[in-house]
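The next block holds one structure in the form of structure tokens; read it before the comments.
Only a predicted model underlies this, so the values are computations on that prediction, with no experimental measurement involved. Numbering of ligands and ligand atoms starts at 1, following listing order.
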Amino acid sequence: MMYDVNRVREDFPILAREIYGRPLVYLDNGATTQKPRQVVEAMVDEYYNVNANVHRGVHFLSQQATDLHEASRETVRRFINAQSTSEILFTRGTTESINLLAFSFGEAMVKEGDEVVVSAMEHHSNIVPWQMMCERKGAQLRVIPMTDEGELQLEALDGLLNEKTRIVCCTQVSNVLGTVNPVKEVVRLAHEKAIPVLIDGAQSVPHMKVDVQELDCDFFAFSGHKVYGPTGVGVLYGKEVWLGKLPPYQGGGEMIKNVSFEKTTYNELPYKFEAGTPDYVATHALATALDYVSGLGMENIEAHEQELTRYALERMQQIEGMHIFGGARNRDAVISFQVGDIHHLDMGTLLDRLGIAVRTGHHCAEPLMRRLGIEGTVRASFGLYNTKAEVDALVEGIERIRRMF
Ligand code: PMP
């Protein structure tokens with residue numbers, strides 16, 4: 001059963017705003033999503049009524065804040081179907097999750113001459129941390145190629161995997177092309193050679209049901225702010241067997257068992273990887289956001305956005321001079337395009353004047369831009385609250401700008 005999108009929009013106060021005297025059409029959900037009242041109110045309520053540092057206090061408020069924080073970990077566990085809350089690490093976001101993993105995994109598992117595999121369509125945050133680690137360790141980055149349609153070439157992946165490969169890192173959904181990658185197949189191929197896999201779920205978690213046990217991935221990262229939660233909080237999931245073998249990322253409070261000037265012993269999972277005061281207000285608000293989308297039903301959100309994407313593609317393809325990048329068979333609610341020789345920046349700026357928020361540029365995927373032979377695109381990305389009327393506004397806006405040029 002689908003939800004009533006107009007009713008749902010009322011939960012998001014910002015959607016009622018006008019920009020330059022026109023109703024806001026927010027199509028930059030790939031960059032960040034808007035927040036429902038419930039999420040903001042959870043934060044306000046916690047700051048006003050509960051606030052105290054977690055884990056270290058015997059007093060009532062500290063206990064209550066700790067309970068909320070740990071209950072949030074359980075909500076995240078359930079949401080991605082991890083086996084245990086010790087596998088759920090809170091971070092600042094996808095970027096920090098991957099940096100944590102690249103550091104800790106690199107320290108324990110990577111030596112000179114080893115190889116790390118990433119895909120041709122990764123966000124910089126799933127390239128640069130690995131590159132930095134490779135540089136430190138004298139290892140090599142290898143790349144899974146893709147077709148012109150924007151699909152990964154899995155036959156090539158098999159050839160890339162060898163006894164030197166330490167890890168495969170791949171996005172589940174491309175933030176530029178909208179390609180939904182067959183990550184379960186990537187995991188299967190890598191596991192045949194006992195190689196672990198990290199999946200970047202920044203662009204999948206907001207749009208589809210994710211089950212880390214079903215995917216059988218070893219690590220999974222996502223950001224709270226892209227799934228209607230607050231900024232500054234994210235998650236790294238890791239199988240216990242792996243996390244147990246990795247050294248801490250940062251040192252400080254919370255991640256220790258005992259400290260002396262001679263030697264420090266580390267805390268158990270997940271705390272070993274969570275040095276310092278966590279953003280416990282944000283973790284609670286993230287859990288509130290996950291409950292919110294679960295309440296609507298991830299299947300319903302996916303169905304709504306798929307229908308919107310199909311409708312948008314159909315209408316946009318009729319625009320003269322329209323070029324849509326990527327044509328993967330399995331695609332998500334992201335559409336990158338260019339119209340004639342109108343520069344993406346001009347298109348984005350003029351759409352903004354019509355109240356339509358889209359993203360322009362390289363989308364933190366310069367290697368992918370190079371592969372496509374372009375400098376940037378205009379990107380419209382949909383969220384659970386977008387409507388066909390907003391797609392119509394986008395199409396009419398593009399038409400109007402096209403006629404101007
Ligand atoms: N990976 C992908 C695929 C993304 O789209 C993004 C955000 N654009 C990130 C990683 C980084 O997420 P964050 O900035 O929240 O750390």
ask   = Relative to the heavy atoms of Ser223, which atoms of ligand 1 are at a distance of less than 4.0 Å?
value = 12 (O), 13 (P), 15 (O), 16 (O)
ask   = Nearest heavy-atom pair of Gly150 and Met121: which atoms, and what distance?
value = O-CE, 3.3 Å
ask   = Going by the atom numbers of ligand 1, which of them fall below 4.0 Å from some non-hydrogen atom of Thr171?
value = 3 (C)
message = Looking at non-hydrogen atoms alone, which of Val334, Thr95, Ile98 comes nearest to atom 14 (O) of ligand 1?
response = Thr95
ask   = For ligand 1, is there an atom lying under 4.0 Å from some heavy atom of Ser125?
value = yes
task = Report yes if the side chains of Glu302 and Lys209 come closer than 4.5 Å at any heavy-atom pair, otherwise no.
result = no
ask   = Is it true that His225 lies under 4.0 Å from ligand 1, counting heavy atoms only?
value = yes
query = Does Asp200 come within less than 4.0 angstrom of ligand 1, counting non-hydrogen atoms of the residue?
reply = yes
remark   = atom 5 (O) of ligand 1 has as its nearest protein heavy atom Gln203 NE2, 2.7 Å
task = Provide the number and element of each atom of ligand 1 under 4.0 Å from a heavy atom of Asn175.
result = 5 (O)
request  = Would you give the length of the straight line joining atom CZ of Phe337 to atom CZ of Arg379, rounded to the nearest 0.5 angstrom?
outcome  = 11.5 Å
task = Anything under 30° is parallel, anything over 60° is perpendicular, the rest tilted; go ahead and classify Phe90 against His69.
result = tilted
task = Compute the centroid of each ring, for Phe103 and then for Phe273, and state whether the two points are separated by less than 6.0 Å.
result = no
query = Can you tell me the protein heavy atom closest to atom 4 (C) of ligand 1 and the distance?
reply = His123 CD2, 3.4 Å
task = Check whether any heavy atom of Lys226 sits under 4.0 Å from an atom of ligand 1.
result = yes
task = For the residue pair Asn99 and Tyr249, confirm or rule out a side-chain donor-acceptor distance under 3.5 Å.
result = no
query = Do the ring planes of Phe105 and Trp242 sit parallel (below 30°), tilted (30 to 60°) or perpendicular (above 60°)?
reply = tilted
